[in-house]
Each structure stands twice: as C-alpha cells, then as structure tokens.
**Q** 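Here it is, the structure, as structure tokens.
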Amino acid sequence: MAKILVTGGLGFIGSHTVVELINAGYDPVIVDDLSNSQPQILDQLSKIIGFKPVFYQFDLCDKQKLIEFTKAEPDIEGIIHFAAFKAVGESVQKPLKYYHNNLTSLLNLLSVYSGKPVDFVFSSSCTVYGQPDELPVTENAPIKPAQSPYGNTKQIAEEILKDAIASGDAKNVIALRYFNPVGAHDSALIGELPIGVPQNLVPFITQTAIGKREKVTVFGSDYNTRDGSCVRDYIHVVDLAKAHVAALRLMANGTYKGYDVFNLGTGNGNTVLEIITAFELATGVKVNYEIGPRRSGDVEQVWGDVTKSSNELHWKAELGIDVMMSSAWEWEKYLSENPL
Ligand code: UD1
C-alpha cells in the first residue's frame, strides 16, 4: 500500500480524498494544522473507513517540524498538497498572510522532498483563468492577471512547480484546477465546515434552508447570462476526490514524466439562480433569497473543458447537481443534530 502524505487532510476536499484513497488501496497519512478544520473530522473519518487515519498536527511553514515528519514517515511515495488558505476576500485584506502561508508551505515541501522519488499532486484553481476569452475554458487558455492574492498564490505555485520539475527538484507533478467543489460524502459524516459566515454559495444556501441564516443574497442579476446571475461549473467533492487518485495512478504509470495540469469540473455551467432552484427541487425545501448587488472580483461566467481530464487523466465527473444539493443538505442536517 503506497503511503500518501495528504496535507490539509482534515479539510473539505482533503477529508473526502482520504476516503477515496483508502477505497483505492492507498495508505494516507494526514498532516493538518487545524487552522481551518476540526479534529473531530478524524472521528468522522474513522466512522466511514473503520479506523482512525494516521494524523500529524503541525504547520507546514515550520520546516523543522516537516523534517521531523520525514524521519517519522520515511516511506512517503506521493504527496497531495491541499493545505492552504482559500478565502478570496480575506486574502485581499491580508495578502502577506496568504503569500506566506500558501507559498512557504509549498516551498518547504519541495525542498524537504527535493530529489526524492515522490509524486506530487497540487490543488490549483480555475481562478487562474480569470474571465476566459473562450468557454468552455481549456488548460491551454492564457493565465489572466490574478483577481486576488489568493488567486495569485495559485498562479505562482504553478510556476514554482514547473520550475522545480525543470530543475529536477521534483520528480512528477500534476496540478489540478478545481472549478466549484460542493456537496458532501453520501454517509453525511463529512462535508464542508465553514468557519463563521460562509463565503461560498452552497453552504450559504444550506445554512439558510436550516434557519441559521435569514436569506441568500444573489450577487448580481445583470450579468450577460441566461438569467442574469453568474455561471460556475459546480462539481461534487467526491468526484473531485477521485480525480486525485486518478492523478496518483497516472504518475505511477512509468510513461508519465514531468509537469501537467488538468481541469476538474463537469464541463457544464449553472447560474446562481439555477443552483437555488436545483437545491429546492432536490430537497423539497424552499430557500429564502433576494437579488443583491454584484460582488467585487466575481467573474461573470466560467466552466471547464474536461476533454483532457477524460482522455489523459482517465477521470470524469459522474454526480449531478441533484446529488450535489441533496448531499450538501444531508450534511447540513447531520451537523444541526450532531454539532462537531
Ligand atoms: C472562488 C474562486 C475559486 C476559489 C473559491 C474559494 C473563481 C472563479 N473561483 O469561487 O477558485 O477556490 O472562490 O472560496 O474565482 N454567490 C452568491 N451569493 C453568495 C455566495 C456566492 O450569489 O452568498 C455567487 C457568486 O457571486 C458566484 C457563485 O455564487 O457567482 C459562486 O460563488 P462562490 O461559492 O463564492 O465561489 P467562486 O467565487 O466561484
């Protein structure tokens, strides 16, 4: 069983990926500093997988701790690097915090594992495309100036990884550009756990439906889209998690070399209003919403071309909007009865 270091493994996407790694016969080792996750997720994971996964709590910006980790776990064969700050708005207020955390952790991982035969999967984002000139956007689309320090950390990280491959500091790297991950595991034992007021659409919808928030504000209804609200490519987090297993498999295959990047979406766009309707249809629960002004920094529409992921990563999203909404709702209901 190949041992895989999963940084940020107690977070939203990380925890779902831990489950999929175990389903695929890998041996995940979690590192998480709990800065944006809860230790109770370890117990939740053990309810799903039947045992408590190996967990180390430290900040990857602490290089000494990382070196100690490599001594305790000398046989890591792959790294999936989720650990990063991700709040777009906060990154504008506190850019140095974002540059320091997101880039120092990456640099520490690369330097500590430099020259070692370790395959590396990086969490990138469709935010690197900005507002694309052509839709659906392919991996060859030009990288647009970042709209936020958060987005910039993803762009810079991709550049760092490319250079590390060119210099031989890294063996194999796959950067995965996520579109909008939503939904939760079908056990309803893990899911997204926003701290404070959710910034993202789907947790805002589920918290409104359960009565924690008064209403959802739809940010803008005057965009040039079919109903005036923004379009995104929403993807189920379990599909997204499975793509990380596909990336490890591709790199383990002797023919893969170097650096590559893949879009992870469904290939379809949905408007904000369509998502609200889909939630209501999937759950039978009405969502109180109002139309508000545009949110600064939002792109009008983006959805991914997933041909390359399908042909070369041998991965495709399988779960539809209905399952994304119903699973997110089951998780919200679970949380309201079993607060973590
Ligand atoms: C953005 C980034 C993504 C990043 C994520 C992290 C882009 C294209 N995407 O996603 O890379 O990982 O933030 O948080 O830059 N909306 C409402 N009301 C709400 C919340 C959201 O109408 O209360 C709308 C937004 O305007 C947007 C859509 O819902 O059109 C999705 O928003 P959100 O869930 O915040 O994700 P993005 O901004 O697309």
Side-chain angles (χ1 to χ4, degrees), residues 8 11-14 36 82-93 98 102 122-132 135-137 141 143-155 157-158 175-183 192-209 212-235 237 240 263-266 269-279 287-304 321 324-325 328:
F12 175 40
I13 308 172
N36 193 21
F82 293 107
F85 293 152
K86 60 169 188 176
V88 176
E90 188 195 36
S91 81
V92 177
Q93 308 301 322
Y98 274 68
N102 292 7
F122 178 68
S123 299
S124 190
S125 167
C126 70
T127 196
V128 302
Y129 299 122
Q131 178 60 64
L135 288 165
V137 63
I143 301 297
K144 295 282 180 72
Q147 295 288 312
S148 68
Y150 157 78
N152 210 16
T153 67
K154 295 297 176 190
Q155 295 190 359
E158 287 195 6
L176 298 174
R177 291 179 179 158
Y178 309 154
F179 284 73
N180 286 57
V182 299
E192 194 165 359
L193 263 182
I195 292 181
V197 181
Q199 307 298 308
N200 296 107
L201 178 64
V202 173
F204 213 104
I205 290 176
T206 57
Q207 289 197 6
T208 304
K212 267 171 100 173
R213 312 273 156 214
E214 194 201 332
K215 60 184 168 228
V216 176
T217 302
V218 175
F219 296 144
S221 62
D222 57 351
Y223 287 100
N224 185 24
T225 61
R226 44 188 178 264
D227 60 24
S229 62
C230 291
V231 174
R232 297 287 184 276
D233 185 343
Y234 295 90
I235 172 163
V237 65
L240 197 76
N263 281 343
L264 297 188
T266 62
N270 282 102
T271 69
V272 176
L273 292 169
E274 286 168 354
I275 291 296
I276 292 174
T277 305
F279 178 86
V287 179
N288 186 23
Y289 75 90
E290 65 172 7
I291 306 292
R294 291 182 176 198
R295 178 172 71 176
S296 97
D298 267 340
V299 302
E300 181 172 272
Q301 41 191 330
V302 63
W303 66 95
I321 292 283
M324 297 183 210
M325 296 302 127

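Counting starts at 1 for both ligands and their atoms, in listed order.
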**Q** ring-ring contact (aromatic ring centres under 6.0 Å, His included) with Tyr129: which residues, sequence neighbours excluded?
**A** none
**Q** Side chain to side chain donor-acceptor pair (under 3.5 Å) for Ser124 and Glu158? Distances and angles first, verdict last.
**A** CA-CA 8 Å; Ser124 190; Glu158 287 195 6; 2.6 Å; yes
**Q** Mind checking ring-ring contact (aromatic ring centres under 6.0 Å, His included) for Phe12 and listing every partner two or more places apart, or none if nothing turns up?
**A** His16
**Q** Working to the nearest 0.5 Å, report the span between CG of Asn180 and OG1 of Thr127.
**A**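 Spacing of CG (Asn180) from OG1 (Thr127) equals 10.0 Å.
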**Q** Output a table of donor-acceptor pairs, distance under 3.5 Å, between side-chain atoms of residues 228-235 and any protein atom two or more places apart or on a different chain; print 'none' if there are none.
**A**
from   : atom 1 : to     : atom 2 : distance (Å)
Ser229 : OG     : Asp227 : OD1    : 2.8
Ser229 : OG     : Val272 : N      : 3.3
Ser229 : OG     : Leu273 : N      : 3.3
Arg232 : NH1    : Val299 : O      : 3.1
Arg232 : NH2    : Val299 : O      : 3.1
Asp233 : OD1    : Thr266 : N      : 2.8
Asp233 : OD1    : Thr266 : OG1    : 2.8
Asp233 : OD2    : Thr266 : N      : 3.3
Asp233 : OD2    : Gly267 : N      : 3.1
Asp233 : OD2    : Gly304 : N      : 3.1

**Q** Check ligand 1 for close polar pairs with the protein: N or O on both sides, less than 3.5 Å.
**A**
from     : atom 1 : to     : atom 2 : distance (Å)
ligand 1 : 11 (O) : Ser125 : OG     : 2.4
ligand 1 : 12 (O) : Tyr150 : OH     : 3.0
ligand 1 : 14 (O) : Asn200 : ND2    : 3.0
ligand 1 : 15 (O) : Thr127 : OG1    : 3.1
ligand 1 : 18 (N) : Thr217 : O      : 2.7
ligand 1 : 22 (O) : Thr217 : O      : 3.4
ligand 1 : 22 (O) : Phe219 : N      : 2.8
ligand 1 : 26 (O) : Asp298 : OD2    : 2.5
ligand 1 : 32 (O) : Arg295 : NH2    : 3.4
ligand 1 : 34 (O) : Asn200 : ND2    : 3.2
ligand 1 : 34 (O) : Leu201 : N      : 2.9
ligand 1 : 35 (O) : Gln199 : O      : 3.4
ligand 1 : 35 (O) : Asn200 : ND2    : 3.1
ligand 1 : 35 (O) : Arg295 : NH1    : 3.3
ligand 1 : 35 (O) : Arg295 : NH2    : 2.9
ligand 1 : 36 (O) : Asn180 : ND2    : 3.2
ligand 1 : 38 (O) : Arg295 : NH2    : 2.8
ligand 1 : 39 (O) : Asn180 : ND2    : 2.9
ligand 1 : 39 (O) : Arg232 : NE     : 2.6

**Q** Could you check whether Glu90 and Tyr98, counting side-chain N and O atoms only, form a donor-acceptor pair closer than 3.5 Å?
**A**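 A pair is found: one side chain offers a donor N or O, the other an acceptor, under 3.5 Å apart.
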